[in-house]
Amino acid sequence: MIIETFTITTFQQNTRIVACEETGKAICIDPGEESNKIVPFLHDNNFELQAITLTHGHLDHVGGTFALHKTFPDAEIILHKDDEDLYYGLPQQPLFMGLSPHQLKSLGLEYENPPQLTCNWQDGEIYQVGNLSFKVLHCPGHTRGHIILAEEKTKKVFVGDCLFAGSIGRTDLPGGSYEQLLDSITNKILPLGDDFTVYSGHGRETTIGQEKLTNPFLATGQNRER
Ligand SMILES: [Fe+2]
């Protein structure tokens, strides 16, 4: 598996190209905004962009879909159905975050209507990219339709904004639920195994084992007593 991370947008979001090195098939996980680095990276490596795979519908994760899809019109665009409202409402999202229309241009948050989704993620499905097999797990809490992509052979999981090194996703935006997020993390993410490397939508990589030991939001009874 080849993973290239591009930290972009005013929110320092991690857009990733993940490719199967044997077949050259690739996906772009969460294109946050148009970037002059992503397309050349795909071309230079002769990767075939099979899909734009979205973990959830927030603007800093989907804002570059329009531009990337213009270059690769055959690539699928996949999102969970419960985040479709966020996705198709992309041009309005900054206003719901409390920004006023005149601020949008300078912040790079002026969006066109995003292209039509090709299909929706189904909880539990296996999504194949060349020889890579991603298990799709619905993990609501940060948004209603958040999913994660877990590749079990290489023990890597792409968790979007569910879990971060030392923190968890915010739950105060529309559709967020703290209880649901903790439930998703506890029952979907942690059981993958301590040796899984975690690739988050923001910040550095970590492992599930490390987060179980040190993340204050996931602290076990033993940790809390210290
Ligand atoms: Fe988010």
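Note that ligands are numbered from 1 as they come in the structure, with each ligand's atoms numbered from 1 the same way.
- Nearest N, O or S atom of His142 to the Fe ion (ligand 1): atom NE2.
- Not one N/O/S atom of Asp60, from backbone or side chain, sits under 2.8 Å from the Fe ion (ligand 1).
- For the residue pair Thr5/Asn14, the side-chain donor-acceptor check at 3.5 Å is not satisfied.
- The aromatic ring centroids of His58 and His146 lie 6.0 Å or more from each other.
- Inclusion of His56 in the first shell of the Fe ion (ligand 1) is supported: an N, O or S atom falls under 2.8 Å.
- Taking 2.8 Å as the threshold, His61 does not count as a candidate ligand of the Fe ion (ligand 1), since none of its N, O or S atoms lies below it.
- Taking the six-membered ring where the residue is Trp, the centroids of Phe72 and His43 are separated by under 6.0 Å.
- Two rings, from Tyr199 and Phe158, have their centers less than 6.0 Å apart.
- If you put the vertex on the Fe ion (ligand 1), OD2 of Asp161 and ND1 of His58 sit 170° apart, to the nearest 10°.
- Side chain to side chain, Ser133 and Gln128 meet the donor-acceptor criterion of an N or O pair below 3.5 Å.
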